[in-house]
Amino acid sequence: MANPDDYDPPLAGVGILDLSRGPMTAVSRLLADLGAAVTQVHLHGVTAEPAERLGRGAGVDPDSVSVAINRHGMGNVVIDPSNPDDQRRWIHLLAGADILIEDTRPGSDAEKALAARNIHAENPGLVILSLSDFGRDTTFRGWHATTPVLHALTSELSRSGIPGREPLVPPAAQLPYHVAAAQAAVMTVSVYLDRLRTGDGDLIDFSILDGAMQTLDPPYGTAGTASAGVALSAQQRDWNAERLRYPIIACRDGHVRICLLAKRQWHGMFEWMGRPAQFADPSFDRLRVRFGSPELMAAIGRFCAGQTRAELEVAGQRHGVPTAAVLTLAETLGTEQVKSRRYFHEAELAPGMSAPVPAGVVEIDGHRAHPRPRSASTAVENPRRLDVAPVLAGRPRRNEGLPLEGVRVLDLGVIVVGSDTGRLFGDLGADVIKIENSAFPDGLRGNLTSMSQTYGAGHRNKRSIGIDLRTPQGRALAHKLVEQSDVVLTNFKPGVAETLGMDYQSLRELNPGIVVVDSSAFGPTGPWAQRMGYGPLVRAAAGFTDLWVYPDEPESFCDTVTVYPDHVAARIGALGALAVLLRRERTGAGGSVSVAQSEVMLSHLASEIAAEVLVRRGHEPAGQPVHDAPWGLFPAAGEDSWLAVTVRDDADWHALCGVIERADLGADPQLGTRGGRDANRGRIDEAVRAWTSQRPAIEAMNVLQAAGVPAGAALRAAEVAEWDYYVQRRAFREELHPYADEPFTMENVQIHSDRIADPPLRQAPLLGEQTREIAAELLGLGDAEIDELIAAGVLEVPQSAQPAGR
């Protein structure tokens with residue numbers, strides 16, 4: 001580990017005032033870990049004191065632990081605007097801040113008292129992140145969300161669980177909020193970077209539902225190769241199919257998960273099993289044949305049964321078959337990988353209450369990005385506040401209203417996390433150039449002469465240049481592009497970028513201001529650094545798969561959201577890159593950003609981990625149940641139709657009783673408290689089920705939400721784009737790509753604000769589609785030189801392709 005005294009936190013000097021409460025305090029945690037000075041503000045008449053605070057006699061529960069983690073190490077001020085001195089102090093704080101975060105309920109007295117638009121008018125350079133469950137610009141602005149409701153309305157539940165049973169809510173109690181927080185942080189920092197160039201702040205209307213939909217498992221985003229040719233938007237729960245894609249195999253001491261999607265992986269499995277004649281037919285090279293062979297899965301099961309998880313992991317990796325043990329969370333935390341990476345450190349979350357918490361979900365220049373105490377030996381003692389962006393201020397802009405215009409990104413990323421990281425930059429206005437080669441095409445491409453929905457979604461707003469980086473000439477051309485770029489994105493297995501000469505240590509010699517992002521399954525160090533990692537295998541190794549089961553059914557593995565954590569890991573990588581670009585404005589130097597997908601997942605379980613440790617160390621658990629009743633999924637009218645219904649408190653309970661016309665339940669003293677309702681959960685669930693089963697899910701949802709009860713229909717992916725909320729938010733758009741057979745539906749708006757425009761409409765390119773354009777514009781090559789390099793295979797242009805329909 002590098003000397004922490006040499007570390008310059010990239011957001012040092014950025015001042016943030018945070019009025020938010022609850023799980024979305026994760027936004028300021030991400031920014032504080034990157035060095036921002038975050039002050040928690042309690043503003044009388046605007047922010048409510050939390051009902052329970054860790055260490056104040058309330059006992060230990062994951063929600064209070066989560067907020068304690070998010071607030072750890074931050075300053076705190078109390079302001080009473082009715083006091084003239086406090087009012088002047090508040091005005092002074094706003095004038096000195098760069099970013100303000102608030103989460104008043106739309107239409108509430110608190111929203112009126114804060115008057116965020118007035119604050120923006122009086123502080124035009126301030127960036128305001130305004131958080132709410134359903135945004136502030138729609139007819140849904142008064143609706144209420146909870147974790148099950150968010151999972152339902154983003155379509156995840158339509159793909160999670162065993163058909164015929166209720167959908168299964170994923171583990172990590174605050175997962176939708178965690179992923180939405182990463183999206184919010186990216187958008188806020190990108191707008192702040194633009195403010196340093198223009199002097200104009202902005203007010204971002206951020207919907208937690210939008211962030212959760214786009215960042216966990218987006219129905220019209222980039223899908224993984226496990227979709228087996230079926231668009232995510234067309235997928236429904238199919239437990240048997242999911243178990244074939246990344247099969248979980250019982251073995252002597254538990255379970256392992258393997259990957260047999262690629263032909264080479266199947267060949268490795270075939271050799272590993274001793275080349276059984278029963279499966280020697282070349283037809284088994286085809287994915288659909290393997291998926292359609294129950295005999296094959298049975299044979300693999302018999303082959304693994306007598307071996308241990310550790311033996312299978314080692315042998316699988318040796319034969320080129322990605323293999324991971326299905327670990328419990330406790331087993332994961334005890335692995336040498338987690339220990340050697342020093343991912344957790346002890347933190348005092350309340351007086352006398354210390355627990356392990358993540359030491360930062362991203363590494364900057366080889367250092368864990370989390371706040372460090374200042375000392376005389378620290379390299380950067382008091383970084384000055386930035387007022388301008390000297391590096392980017394003079395860059396030409398297209399004046400399209402996008403915050404990253406003038407930034408150039410070289411995208412070497414592949415599959416989901418790679419495509420999404422670059423796409424975020426492109427959607428926000430950066431010039432993103434994807435470097436590709438047909439010998440090693442992006443696994444999402446499939447056919448090089450046509451366009452799939454998932455590739456179109458992940459690579460829109462990019463240009464493509466075909467370069468063979470294996471050749472000295474190709475590397476020289478790529479290095480010339482690096483000299484003219486700001487960011488390089490990679491997600492190779494550790495060591496590959498060094499072999500290609502595209503690692504940070506090599507590129508900083510060419511361009512001291514370059515920012516290089518690398519993303520990998522388990523990080524660049526530790527005994528698992530070289531493991532072949534796919535999202536489902538990382539979930540298994542990180543303890544997530546073991547938790548994604550029905551209660552009391554430990555082998556009902558249902559983690560069918562096949563691309564988590566790729567989309568959120570992409571946001572973490574983009575956030576790190578933006579933060580280092582901000583630091584470059586202060587120092588002139590670039591830096592490196594490293595993201596381990598397994599650690600992103602563990603960060604989403606941080607409150608559960610810390611709460612369990614605190615209780616084990618003798619602290620009292622919370623006296624109240626974790627969830628009120630009802631809390632879960634209930635059948636609605638229609639085949640496989642479900643509704644999330646959640647009650648948070650007594651007010652929700654009485655509203656629910658009124659909607660379902662069960663005044664008798666509302667008057668029952670046994671059900672008058674959270675504890676009483678929990679003790680009678682079965683009786684309550686039966687009453688709710690009797691009501692929901694007679695009504696269409698959307699109709700029931702509308703009635704419950706109108707009464708203030710958080711509820712959400714478990715939308716199928718095909719229903720999402722047509723739901724009126726997403727229509728009002730301009731969440732999706734339809735695109736007819738010239739090399740596709742039919743129109744695509746894909747995501748649209750990224751930032752709702754006064755100044756930021758919708759994403760551009762530049763369509764995803766074929767491999768090498770802009771090779772000639774980029775070679776002439778940026779490499780200074782003439783037509784003859786370009787033709788010569790193409791003939792030599794150093795540069796590539798698209799293979800013969802005809803527009804769809806011809």
Side-chain angles (χ1 to χ4, degrees), residues 30 33 170-172 175 178-179 182 215-217 224 246 248 255-259 309-310 313 316-317 322-345 356-363 368-370 413 415-418 420-421 490-495 517-548 557 559 561-573 575-576 593-610:
L30 289 168
D33 282 351
L175 183 58
H178 283 300
V179 300
T215 310
L216 180 55
D217 186 32
Y246 287 98
I248 294 178
H255 295 81
V256 294
R257 173 173 260 163
I258 62 175
C259 175
R309 293 178 297 177
E313 279 187 321
Q317 298 287 334
T323 307
V326 178
L327 300 179
T328 66
L329 184 57
E331 287 174 328
T332 296
L333 298 177
T335 62
E336 283 303 311
Q337 179 66 20
V338 172
K339 291 177 180 177
S340 69
R341 295 271 300 159
R342 300 178 185 176
Y343 181 57
F344 288 92
H345 71 134
V357 301
V361 75
V362 65
E363 292 173 292
R368 283 286 174 195
H370 70 274
I415 313 296
V416 180
V417 69
D420 244 34
T421 311
T490 71
N491 65 316
F492 302 121
K493 189 169 73 172
V517 179
D518 73 81
S519 175
S520 59
F522 300 103
T525 62
W528 293 359
Q530 297 299 317
R531 277 194 179 189
M532 292 175 281
Y534 294 82
L537 276 77
V538 180
R539 289 199 300 272
F544 226 85
T545 298
D546 182 72
L547 294 171
W548 204 319
F557 306 114
D559 58 332
V561 183
T562 55
V563 289
Y564 171 76
D566 290 53
H567 294 284
V568 64
R571 271 69 179 176
I572 298 298
L575 175 62
V593 178
S594 184
V595 180
Q597 294 178 36
S598 58
E599 292 168 358
V600 172
M601 276 191 280
L602 287 175
S603 75
H604 299 159
L605 293 165
S607 60
E608 287 91 339
I609 293 168

Practice problem: List for me each residue that meets ring-ring contact (aromatic ring centres under 6.0 Å, His included) alongside Y343, sequence neighbours excluded, and say none if there are none. | Solution: none
Self-check item: Salt-bridge criterion met for R257 and E313 (N-O under 4.0 Å)
Solution: no
Exercise. Determine yes or no for a side-chain-to-main-chain donor-acceptor pair under 3.5 angstrom, with T332 supplying the side chain and A541 the backbone.
Key: yes
Quiz item: Does H370 use its side chain to pair, donor to acceptor, with the backbone of A359 at less than 3.5 Å?
Solution: yes
Quiz item: Going through the distances and angles, do D546 and T328 end up as a side chain to side chain donor-acceptor pair (under 3.5 Å)?
Solution: CA-CA 6 Å; D546 182 72; T328 66; 5.4 Å; no
Quiz item: How far does CG of L333 sit from CD1 of I609, to the nearest 0.5 angstrom?
Solution: 4.5 Å
Quiz prompt | Ring centres under 6.0 angstrom apart (H604, F544) | solution = no
Quiz item: Salt bridge or not for D33 and R368, using N-O below 4.0 Å?
Solution: no
Quiz item: Taking S520 for the side chain and A529 for the main chain, is one N or O donor matched with an acceptor at less than 3.5 Å?
Solution: no
Quiz item: Sub-3.5 Å donor-acceptor pair from the side chain of Q337 to the main-chain atoms of F522, do we have one?
Solution: yes
Exercise. With rounding to the nearest 0.5 Å, note down the distance linking CG in N491 to CD1 in I415.
Key: 8.0 Å
Self-check item: Residues in side chain to side chain contact (heavy atoms under 4.5 Å, CB included) contact with S594, at least two apart in sequence or another chain
Solution: E363, D518, P524
Exercise. Please check if the side chain of R539 supplies one atom and the backbone of D559 the other of a donor-acceptor pair under 3.5 Å.
Key: yes
Quiz item: Is any side-chain heavy atom of L329 less than 4.5 Å from a side-chain heavy atom of L605?
Solution: yes
